[in-house]
Amino acid sequence: MISIDKLSKAYGAHVALHKLTLEIEAGEIFGFLGHNGAGKTTAIHMLTTLMKPSSGTARIAGHDIRADPISVRRAIGYVPENVRLYDTMTARENLTFFARLSGVGEVQECIEETLELLKCPELTDRLVGSFSKGQRQRIGLAQAILHRPDILFLDEPSSGLDPLGMKTLRELIVQLNEELGMTIFMNTHLIGEVVKVATSIGILSQGQLVFHDTIDAVRHNYGSDANLEDLYLSVTPVSQAVRVA
Amino acid sequence: MFRSTGLIARHSMALVFRERTVSFLTVLFMALVLVSAYLGWSATTTVNAIYQSAAAFLTSTHQPIPPNPVLNTSPLSLLRNMSTYVSLIGSLASIVIGFQLVAMDRKGGVVPLIGVRPMAGNAYALGKVFALVALVLGLVGAAACVSVMTFQILPEFRLDGTGWRHLTLFFGTSALYMGLFGLMGLASGAYAKSETVSLLIPVTLWLTVTFIFPQLTSNIHPTAALNPVKALVDPPHSSFFTYAELVLGPVSLADAYKVLSARLLEFLPPGHVIRSVVSPATTLVMATVFSIGLAIVSLRKMDMTKGDYDA
């Protein structure tokens with residue numbers, strides 16, 4: 001579903017992402033871990049076609065991000081960190097705009113179904129400017145799944161949420177994965193969060209992928225969450241001990 | 001691509017109507033259009049009333065009656081203040097509209113959300129340009145309606161075929177002039193990293209074009225540039241002004257607009273000399289084409305990964 005081949009991004013002498021190579025199967029929830037500045041957001045920007053790679057490429061749902069960005073965009077949904085929408089418009093007005101841009105047919109039906117799915121139909125006709133962080137996050141998620149994409153990219157989705165908001169978000173992610181069959185690519189630096197929902201994880205450090213394995217294998221090899229945290233800290237920054245599985 | 005372009009344009013227009021600054025400047029511009037019509041009518045009827053009483057006195061004393069000065073001026077010159085309001089408030093309103101068309105996406109943080117939609121690279125840029133064109137045409141169209149109604153209401157100011165043609169061309173020229181400043185606002189709104197700078201760039205250009213260039217090319221004191229008649233006085237015959245107009249004439253947009261509007265509203269002083277190598281109409285058309293290109297390039301190069309301006 002996502003096939004990344006030596007994807008790199010450099011800003012002058014600074015290499016933000018170095019030859020990232022990764023395969024993510026359909027139906028997975030992939031947790032992409034790394035410290036702030038590790039290159040996770042740069043990777044997601046290139047995979048969502050918002051930024052051109054310096055070298056390398058990736059195929060998303062069978063489409064090359066360099067050669068066919070429009071087909072890639074049809075297949076994906078994207079929720080950036082700190083979702084912000086048009087504050088002077090209602091959730092319905094915001095979602096109508098994004099649904100039409102995504103080429104959704106029955107726009108109003110789709111909006112109502114999506115907000116039902118995300119358990120927030122009461123937000124439909126309220127101004128986005130009056131929303132809490134958690135409510136904003138739901139509408140942000142809604143705009144990303146209106147066209148029922150195959151793959152959903154989430155950049156630090158739990159950023160700024162309280163524990164209840166984080167728990168609800170985790171449930172929604174699992175629901176989207178199980179009910180709509182979406183493959184989910186999730187950037188985060190919270191290992192405790194990612195292990196609760198992910199089916200596989202990758203760890204990025206200083207622009208390089210230093211670890212990639214299924215969550216089952218990780219649990220089998222490392223056991224408790226405390227050990228997972230040790231693993232994360234041992235591979236960031238780059239450690240010679242653990243390499244890409 | 002056309003569907004996405006249309007969507008972006010319609011959505012942008014709907015959003016911009018909710019911006020208070022835009023609404024304020026639009027209302028101000030329309031109020032000034034009404035004031036312009038009233039001032040023109042008031043000045044002309046006052047002169048006419050004075051002439052009528054003077055003529056009555058001269059008749060009673062069996063003295064010859066000179067021709068009515070009102071009949072020597074075109075009814076179109078009734079709108080001469082409009083050229084000042086367009087180059088001041090109209091241009092500023094356009095800059096704010098152009099800036100807001102991009103700023104509301106950037107400040108709203110929705111640029112990345114738009115960037116991941118399946119649309120061609122030019123759709124966003126063209127949508128914004130079309131929205132600006134539609135908004136400026138709407139503003140100028142409303143001003144034109146007020147002017148047409150003024151001529152319909154006042155029977156003493158009748159326009160013939162040429163008059164109507166000139167009036168249409170005047171509003172077309174005004175739309176072009178306002179539009180090119182709006183495009184600068186659009187380009188700057190997309191290009192600049194900071195919100196303040198993105199507004200300062202087009203406003204500085206507007207100040208330069210409106211007040212500084214006319215001083216260099218026509219020896220007009222900045223405050224005199226506000227007066228549509230004084231602004232058309234020929235500059236002194238010195239080599240400095242000759243060369244300044246030759247060099248700056250092609251980019252002296254306010255001068256070009258003033259001369260064109262004075263010609264179309266029929267209040268250009270007889271014998272007014274244009275020393276620039278490029279005609280005023282060509283200057284405005286070239287500037288508009290350049291501004292369209294600049295706006296599209298700036299919008300296409302805008303960083304779609306980022307939302308807001310830098311703090």
Side-chain angles (χ1 to χ4, degrees), chain A residues 9 16 41-52 60 63 65 68-90 93-104 107 127-129 136 139-144 146-147 149 151-153 155, chain B residues 1-23 100-128 130-131 190 193 195 299-311:
Chain A
K9 184 72 187 179
T41 300
T42 302
I44 230 171
H45 282 160
M46 287 189 283
L47 295 174
T48 53
T49 75
L50 285 169
M51 182 191 277
K52 285 186 179 155
I60 308 285
H63 309 287
I65 57 168
D68 193 5
I70 292 183
S71 297
V72 171
R73 291 177 200 157
R74 280 199 191 95
I76 64 166
Y78 171 52
V79 185
E81 187 180 0
N82 296 322
V83 179
R84 289 166 60 200
L85 299 149
Y86 296 108
D87 283 353
T88 55
M89 290 189 151
T90 63
E93 287 171 320
N94 269 285
L95 295 175
T96 300
F97 172 59
F98 291 117
R100 287 193 177 140
L101 273 186
S102 296
V104 171
V107 173
L127 280 180
V128 168
R136 215 173 265 264
I139 303 302
L141 206 51
Q143 64 76 30
L146 284 165
H147 55 298
I151 304 161
L152 183 61
F153 287 94
D155 193 3
Chain B
M1 184 176 88
F2 297 114
R3 192 184 58 82
S4 305
T5 302
L7 269 171
I8 298 274
R10 284 198 303 277
H11 173 77
S12 302
M13 285 192 281
L15 262 177
V16 101
F17 284 129
R18 300 181 190 203
E19 286 292 329
R20 283 184 195 159
T21 326
V22 172
S23 307
Q100 285 291 358
L101 282 171
V102 185
M104 58 199 184
D105 287 350
R106 292 186 67 176
K107 288 193 283 182
V110 296
V111 172
L113 304 184
I114 295 171
V116 295
R117 305 292 153 178
M119 58 184 183
N122 275 331
Y124 182 73
L126 290 177
K128 293 292 175 186
F130 284 141
K193 287 188 174 145
E195 184 181 358
L299 285 160
R300 291 247 21 209
K301 289 196 166 205
M302 192 164 83
D303 180 2
M304 299 302 275
T305 64
K306 269 184 77 175
D308 205 350
Y309 291 101
D310 290 347

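Note that this is a predicted model, so its numbers are computed, not measured. Letters A, B, ... are given to chains in the order of the sequence lines, protein chains preceding strands, and every chain is numbered from 1.
Atom-to-atom distance recorded for A:T88:OG1 and B:E19:CD is 6.5 Å, nearest 0.5 angstrom. With values rounded to the nearest 0.5 angstrom, A:L101 atom CG is found 10.5 Å from B:L113 atom CG. We find the CG-CD1 distance between A:L50 and B:I114 to be 11.0 Å, quoted to the nearest 0.5 Å. Taking CE from B:M119 and CZ from A:R73, the interatomic distance works out to 7.5 Å, rounded to the nearest 0.5 Å. Here CZ of A:F98 is found 11.5 Å from CG of B:L7. Values are rounded to the nearest 0.5 Å.
At least one side-chain heavy atom of A:Y86 sits less than 4.5 Å from a side-chain heavy atom of B:H11. For the pair A:T42 and B:T305, the minimum side-chain heavy-atom distance is 4.5 Å or more. Taking the side chain as every heavy atom from C-beta outward, B:R117 and A:R100 never approach each other to under 4.5 Å.
Closest non-hydrogen pair, A:S102 versus B:P118, comes out as CA-CD, 4.0 Å.
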